[in-house]
Amino acid sequence: MSENSTPTNFIRQIVNADRASGKRDGKVHTRFPPEPNGYLHLGHAKSICLNFGIARDFAGTCNLRFDDTNPSREDIEFVEAIREDVHWLGFEWAEQRHASDYFEVFYRCALKLIAEGKAFVCDLSADEVRAYRGTLTEPGRNSPFRDRSVAENLDLFQRMRAGEFADGTRTLRAKIDMAAGNINLRDPAIYRIRKQSHQNTGDAWPIYPMYDYAHCISDAIEGITHSLCTLEFEDHRPLYDWCLDQIDLPAHPELAESVVAAGLRYAPSRPQQIEFARGNLDFTVMSKRKLLALVQDGLVDGWDDPRMPTLTGSRRRGFPPGAIRTFWERAGVSKQNSVIEYGVLENCVRDELDASAPRRMGVVNPLRLVLTNLADDHAETLDFPNHPKDETFGRRSVRFSSQVWIERDDFLEEPVKGFHRLVPGGEVRLRGIGIIRCNEVVKSETGEVVELRCTLDEQTRSGSPGADRKVKGTIHWVDARSAIGAEVRLYDRLFNVADPDDDSDGKTYRDHLNPDSRRVVRAWLEADLAEAAAESTWQFERLGYFVADRHDHSTAQPVFNRVVTLRDTWARAAGK
RNA sequence: UGGGGCGUCGCCAAGUGGUAAGGCACCAGGUUUUGAUCCUGGCAUUCGCAGGUUCGAAUCCUGCCGCCCCAGCCA
C-alpha cells in the first residue's frame, strides 16, 4: 500500500493505452448490465466496483443497464432491488437503460443483416438445431434453410415479428460458419419466437433477441467504449465483434431512429469487450440457483438474511458498503480463476468499523457480579469516551452500581495457562472502573456458577493515581440495574467448509451448512442503545461490531446483529 | 490433431529481457484500562515442469504437465 493506492490491473492498462492513443477520442464509458432475474451478490459487486470505478477514475461515465431480453425469467420486482443495491454500494449511474429500450433497433439491424445475406430464418426445431450443430470435436452441418433467398427471409422474419408463428417454430440465425471450432460461430440464433409479455414492452413483441446479439448492439448504442464481462464470454467475443462489424451502427443512423425519437442520448461507439475473472469467496456459494434454493427451502431467512452473500444480506448483516469496495480493491482484477479468503472481507469490515463505530459495552452471555464493598444502593454515572482514538466521537454517560453483568467467558473457576481474566481469588480490571478481586463464587444447587462476589480496590479507580497499577486483564461489564435487555443475533459463516460447491465426495452444499451460523441470545446492553438508529453500527467492546437490525430493531424491542467479531488472538491460541 | 483462457509465497496480485512490488494471512517484538486498534521487524535465490536463445529470462522460443470455460431458441 504505497502512496499510490489506485489499483493497477490489465483492464486499466488497456484503458490507459486507449486514452493515450486517442482511441475513441479518449472517452471512457462503461456499463453494469445485470439481468433483472435475481438479487445482486458480492460477485456482482466486483463488476459494479470495476465498471463504476474505471468510469470515475478516467473521467467517464457508467450506465446501469437492465439486460431484459428474456421475459420468461425476468421480473420488474428485481429492477428496484438492483437499483437500491447499486446505490447502497455507493455508485451513481449516468443513465439507466434497458436493453428493451432498443428492441426496434435490434429489429432493424436484423433486417439489415438479412438484406445483406448475413442472416436467415431457420425452421429447424431446437432438437434439430442441436443435432446439426455438431460437437466439440466435430463440425456442424448447414441448416437446410440456410440458403433461403433474401426476399423469403425478409418475408418470414417480418411475419415472425407480426406474430404469425408459434413459439419455437423458427429462429433467425446469423450466417457465419458451421465448421467453426468456436461453437458460438456455428450460425448462432439471434432471435427466437416467444409470445410472452415483457415487463417493459408488454405484448408489443412476439420475438426476442438473444444475448450475444443484443448485448453488443446495446453497448454500441450507449456509446460504451469498454465492455467488461466475465471470462466465460471470452469465446463469445468473436460473435460480439462480428455483429458489430456487420451492422456498423455508427455509420447507419437510420437504424437507431427509435432511440433518438424516445429522447435517449445517442452517440454510438464501436465498443471493445474485455473479460476478467469473476470473484469467488471461500466458505460461500454464489450461484443464483443455489442462493435461490437456500431461500426457497427455508435454509436461510430470505434474500436479505445476514448470512447471505447478497448485497441486501450484506447490508442487513451490517457490512459497510465501503468495506465491500475496499475488499474488491484488495482482491484485484485479473484473468485467473481464484477464490479469495473470506477473512479478507472480514478484515475490510473490521478496518472500516474500527474507525467508524462508536464503542459501547454489552454482555452477551451474562454472569452476575456483586461488588461487596460498595453499598447495596451504590450508584454513579461515569463519563466514557465513545472512541479510544477519535475524540470527535464525543463522550457518554455510563451508569455503574454495585451489581454488574460480566461475560461468563471472562471467568474461569479453573484457570488455564495464559488466561488473563477473572479467576477465584484473582484480580482483573473492570473497564473504566478499577481493579476487582474475586472473593467468592456462588453456585446453584446444580453446581452452576450463578454469581461472583468481588471487592473493588478503590485505590485503583479510573482517574486516580493508583489506576495505573498493572493487572493482566481488563473485562467489560454492564450495570445490572440500568442495562436494557436486547435480542442479539450472533452470526457466523453459513458454510463450514471452504468449498461448499465441491460435491466430488457425494456431498452437496446443503450438507455443509454451518449449524451455528445463527445463534440468538438475550443480552444486556448499555441503556442508550435502545435509541440506536436502525442500521447504526457499534463496537461492543471486546466482542465485535454489531448493527441495529434494519427491520426488527426498535426502542421497545432492541435487536442487534453481530457484523463480525473483533480479532481474537486469545481465542485463536486457545483453539476455539 | 475442436476452440478459447489461465498457471508468480497459505490466499489474492504486480511484473511486458536487466537481476521477484504490494495487500491479506502468518511469525517475532513494542505500545495499550478493548488479549482490539496502532507501531517495528521477519516472511519466494525464485516465478507449473524440461530444454533452448541471451552477457543476462518470471519475462523470448520449443516441448510437456495441470486447471477453467464452450455443444441454451439462458445471460
Side-chain angles (χ1 to χ4, degrees), chain A residues 1-2 5 7-10 13 33-35 37 67 69-70 72-74 122 124-126 129-130 133-140 167-173 179-186 188-194 207-208 210-212 214-215 229-238 275 277 279 282 288 329-344 347-348 350-351 354-355 359 361 388-389 418-421 429-435 460 462 467-468 470-476 539-544 565-574:
Chain A
M1 191 153 56
S2 58
S5 63
T8 174
N9 58 54
F10 76 100
Q13 285 176 14
E35 181 185 14
N37 72 339
D67 222 332
T69 57
N70 186 350
S72 53
R73 31 184 274 163
E74 294 149 10
C122 181
L124 253 25
S125 69
V129 168
R130 192 174 307 122
R133 186 155 35 224
T135 69
L136 292 178
T137 54
E138 304 157 21
D167 281 16
T169 53
R170 283 179 233 264
T171 54
L172 178 68
R173 295 225 256 162
N182 182 341
I183 290 177
N184 294 301
L185 264 18
R186 318 242 263 228
I190 58 180
Y191 262 100
R192 76 282 220 183
I193 298 172
R194 206 82 77 258
I207 55 174
Y208 292 94
M210 299 291 291
Y211 166 85
D212 290 302
H215 201 88
C229 63
T230 42
L231 253 29
E232 67 270 26
F233 290 105
E234 207 143 20
D235 33 282
H236 290 238
R237 196 190 329 138
E275 312 82 14
D282 61 8
K288 273 181 182 171
E329 199 169 287
R330 283 186 189 175
V333 178
S334 75
K335 298 189 69 160
Q336 293 185 55
N337 291 313
S338 61
V339 180
I340 303 148
E341 293 171 337
Y342 193 81
V344 177
N347 281 313
C348 290
R350 292 186 178 109
D351 286 354
D354 176 55
R359 311 288 121 126
M361 290 195 286
K389 292 178 297 187
F419 187 73
H420 291 172
R421 286 108 88 148
R429 184 184 304 279
L430 261 196
R431 170 128 247 232
I433 301 297
I435 296 172
T460 62
S462 282
D468 58 357
K470 296 301 177 199
V471 64
K472 46 284 171 183
T474 298
I475 65 175
H476 62 278
Q539 183 194 101
F540 291 178
E541 294 203 25
R542 300 211 311 131
L543 293 180
T565 61
L566 250 32
R567 261 195 204 82
D568 189 344
T569 52
W570 164 243
R572 218 160 15 100

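Residue numbers begin at 1 in each chain, while the letters A, B, ... track the order of the sequences.
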### Query
Under 4.0 Å: is that the gap between some side-chain N or O of A/Arg186 and OP1 or OP2 of B/G2?
no

### Query
What integer distance in Å separates A/Ile475:CD1 from B/U34:P?
13 Å

### Query
At under 4.0 Å between heavy atoms, what does A/Gly418 touch on the DNA or RNA strands: base, sugar-phosphate, or nothing?
base

### Query
When rounded to the nearest Å, what value does the distance between C1' atoms of B/A21 and B/A44 take?
13 Å

### Task
For A/Lys470, answer base if it contacts any base atom (sugar-phosphate contacts may also be present), sugar-phosphate if it contacts only those atoms, and nothing otherwise; contact means non-hydrogen atoms under 4.0 Å.
sugar-phosphate

### Spacing of A/Glu329 atom CD relative to B/A13 atom P, expressed in whole Å
15 Å

### Task
Would you mind pulling out the nucleotide paired to B/U1, Watson-Crick or G-U wobble, both distances under 3.5 Å?
none

### Task
Taking A/Asn182 for its side chain and A/Asp235 for its backbone only, find out whether a donor-acceptor pair lies under 3.5 Å.
yes

### A/Arg542/A/Thr474 under side chain to side chain contact (heavy atoms under 4.5 Å, CB included): CA gap, chis, key distance, verdict
CA-CA 9 Å; A/Arg542 300 211 311 131; A/Thr474 298; 5.6 Å; no

### Query
With a 4.5 Å heavy-atom cut-off, do A/Ile475 and A/Leu430 have their side chains touching?
yes

### Query
Expressed in angstrom and rounded to an integer, what is the separation of A/Arg330 atom CZ from B/C11 atom C1'?
13 Å

### Message
Rounding to an integer number of angstrom, what distance separates B/G66 and B/A28 when you compare their C1' atoms?
### Response
37 Å

### Task
Quick one: closest heavy-atom pair of A/Leu185 and A/Pro238, and the distance?
CD2-CB, 4.0 Å

### Task
Please report, rounded to the nearest Å, how far the P atom of B/A36 is from the CD atom of A/Gln539.
12 Å

### Identified side chain to side chain contact (heavy atoms under 4.5 Å, CB included) partner of A/Ile193 from the options A/Leu172, A/Thr171, A/Ile207
A/Ile207

### Message
What's A/Thr569 touching, base or sugar-phosphate or nothing? Going by heavy atoms closer than 4.0 Å.
### Response
sugar-phosphate

Provide a list of protein-nucleic acid N or O atom pairs under 3.5 angstrom, restricted to nucleotides 73-75 of chain B.
from: B/C73; atom 1: OP2; to: A/Arg133; atom 2: NH1; distance (Å): 3.2
from: B/C73; atom 1: N3; to: A/Gly168; atom 2: O; distance (Å): 3.1
from: B/C73; atom 1: N4; to: A/Leu124; atom 2: O; distance (Å): 2.6
from: B/C73; atom 1: N4; to: A/Ala126; atom 2: N; distance (Å): 3.0
from: B/C73; atom 1: N4; to: A/Gly168; atom 2: O; distance (Å): 3.0
from: B/C74; atom 1: OP1; to: A/Arg194; atom 2: NH2; distance (Å): 3.3
from: B/C74; atom 1: OP2; to: A/Arg192; atom 2: NE; distance (Å): 3.0
from: B/C74; atom 1: OP2; to: A/Arg192; atom 2: NH2; distance (Å): 2.8
from: B/C74; atom 1: OP2; to: A/Arg194; atom 2: NH2; distance (Å): 2.4
from: B/C74; atom 1: O3'; to: A/Asn70; atom 2: ND2; distance (Å): 3.4
from: B/C74; atom 1: O3'; to: A/Arg192; atom 2: NH2; distance (Å): 3.1
from: B/C74; atom 1: O2'; to: A/Asn70; atom 2: ND2; distance (Å): 3.1
from: B/C74; atom 1: O2'; to: A/Arg73; atom 2: NE; distance (Å): 3.1
from: B/C74; atom 1: O2'; to: A/Arg73; atom 2: NH1; distance (Å): 3.4
from: B/A75; atom 1: OP1; to: A/Thr69; atom 2: OG1; distance (Å): 2.7
from: B/A75; atom 1: OP1; to: A/Arg192; atom 2: NH1; distance (Å): 3.3
from: B/A75; atom 1: OP1; to: A/Arg192; atom 2: NH2; distance (Å): 3.0
from: B/A75; atom 1: OP2; to: A/Tyr211; atom 2: N; distance (Å): 2.9
from: B/A75; atom 1: O3'; to: A/Asp67; atom 2: OD2; distance (Å): 3.3
from: B/A75; atom 1: N6; to: A/His236; atom 2: NE2; distance (Å): 3.4

### Query
Can you tell me how far C1' in B/U54 sits from the matching atom in B/C38, rounded to whole Å?
49 Å

### Query
Is A/Phe419 touching bases, backbone alone, or none of the nucleic acid, heavy atoms closer than 4.0 Å?
base

### Query
Base, sugar-phosphate alone, or nothing: which one does A/His420 contact when heavy atoms must sit under 4.0 Å apart?
base

### Task
Ignoring backbone atoms, test whether A/Ser334 places a side-chain nitrogen or oxygen under 4.0 Å from the OP1 or OP2 oxygen of B/A13.
yes

### Query
Would you say the side-chain atoms of A/Arg350 pair up with the backbone N or O of A/Thr565, donor to acceptor, closer than 3.5 Å?
yes

### Task
Round to the nearest Å and state the distance from A/Asn9 atom CG to B/A14 atom P.
7 Å

### Task
Classify the nucleic acid contact of A/Leu136 as base, sugar-phosphate or nothing, counting any heavy atom under 4.0 Å across all strands shown.
base

### Message
Counting only Watson-Crick pairs (N1-N3 plus N6-O4 or O6-N4) and G-U wobbles (N1-O2, O6-N3), all under 3.5 Å, who is the partner of B/U53?
### Response
none

### Task
Give one of base, sugar-phosphate or nothing for A/Val339, where a contact means two heavy atoms less than 4.0 Å apart.
sugar-phosphate

### Sugar-phosphate only, base, or nothing, as touched by A/Arg359 at under 4.0 Å among non-hydrogen atoms
base

### Query
Does the A/Asn9 side chain pair with the main chain of A/Ser334, one donor and one acceptor, at a distance under 3.5 Å?
no

### RNA chain B: 5'-proximal contact among A/Val333 and A/Gly432 (nearest heavy atom)
A/Val333

### Task
To the nearest Å, give me how far apart CZ (A/Arg431) and P (B/U32) are.
14 Å

### Task
Could you tell me whether A/Ala277 contacts a base, only the sugar-phosphate backbone, or nothing, with contacts defined as non-hydrogen atoms closer than 4.0 Å?
nothing

### Summary
Regarding B/G72, purine or pyrimidine glycosidic angle vs 90° from 0 gives syn

### From A/Lys335 atom NZ to A/Thr230 atom OG1, the distance as rounded to the nearest 0.5 Å
11.5 Å

### Task
Start with the C-alpha distance between A/His215 and A/Thr69, add both sets of side-chain angles, then the distance that settles side chain to side chain contact (heavy atoms under 4.5 Å, CB included), and finish with yes or no.
CA-CA 9 Å; A/His215 201 88; A/Thr69 57; over 6 Å; no

### Query
Is there a donor and acceptor pair, one atom on the side chain of A/Ser462 and one on the base of B/U33, closer than 3.5 Å?
yes

### Distance below 4.0 Å between A/Gln13 side-chain N/O and B/U16 OP1 or OP2
no

### Message
Using a 4.0 Å heavy-atom cut-off, does A/Glu275 contact any base of the nucleic acid, only the sugar-phosphate backbone, or nothing at all?
### Response
nothing

Restricting both atoms to N or O, compile the protein contacts to nucleotides 66-68 of chain B shorter than 3.5 Å, with distance only.
from: B/C68; atom 1: O2'; to: A/Asn337; atom 2: ND2; distance (Å): 3.2

### Task
Go through the structure and list residues passing ring pair (Phe, Tyr, Trp, His ring centres under 6.0 Å) with A/His476, not counting sequence neighbours.
none

## Note on the structure
Taking a pair to mean Watson-Crick or G-U wobble geometry with both distances below 3.5 Å, B/C6 pairs with B/G66

### Side chain of A/Ala331 - closest among B/C12, B/G35, B/U16
B/C12

### Task
In whole angstrom, give me the gap between the P atoms of B/U59 and B/G18.
12 Å

### Task
Can you tell me the distance, in whole Å, between the CD atom of A/Glu138 and the P atom of B/G3?
14 Å

### Query
With rounding to whole Å, what would you report as the distance between B/A75 and B/C6 at their P atoms?
26 Å

### Query
Are the side chains of A/Ile340 and A/Arg330 in touch, meaning some heavy atoms are under 4.5 Å apart?
no

### Message
Minimum heavy-atom separation for A/Met210 and A/Ala189, please, with both atom names.
### Response
CG-O, 3.3 Å

### Task
Could you give the distance separating B/A58 and B/U45 at their C1' atoms, to the nearest angstrom?
13 Å

### Partner nucleotide, any strand, of B/A28 [Watson-Crick/G-U, under 3.5 Å]
B/U40

### Task
Write down the distance between CZ (A/Phe10) and C1' (B/C6), rounded to a whole number of angstrom.
11 Å

### Query
Do you know the tightest heavy-atom contact between A/Tyr211 and A/Asp67?
CE1-OD2, 3.9 Å

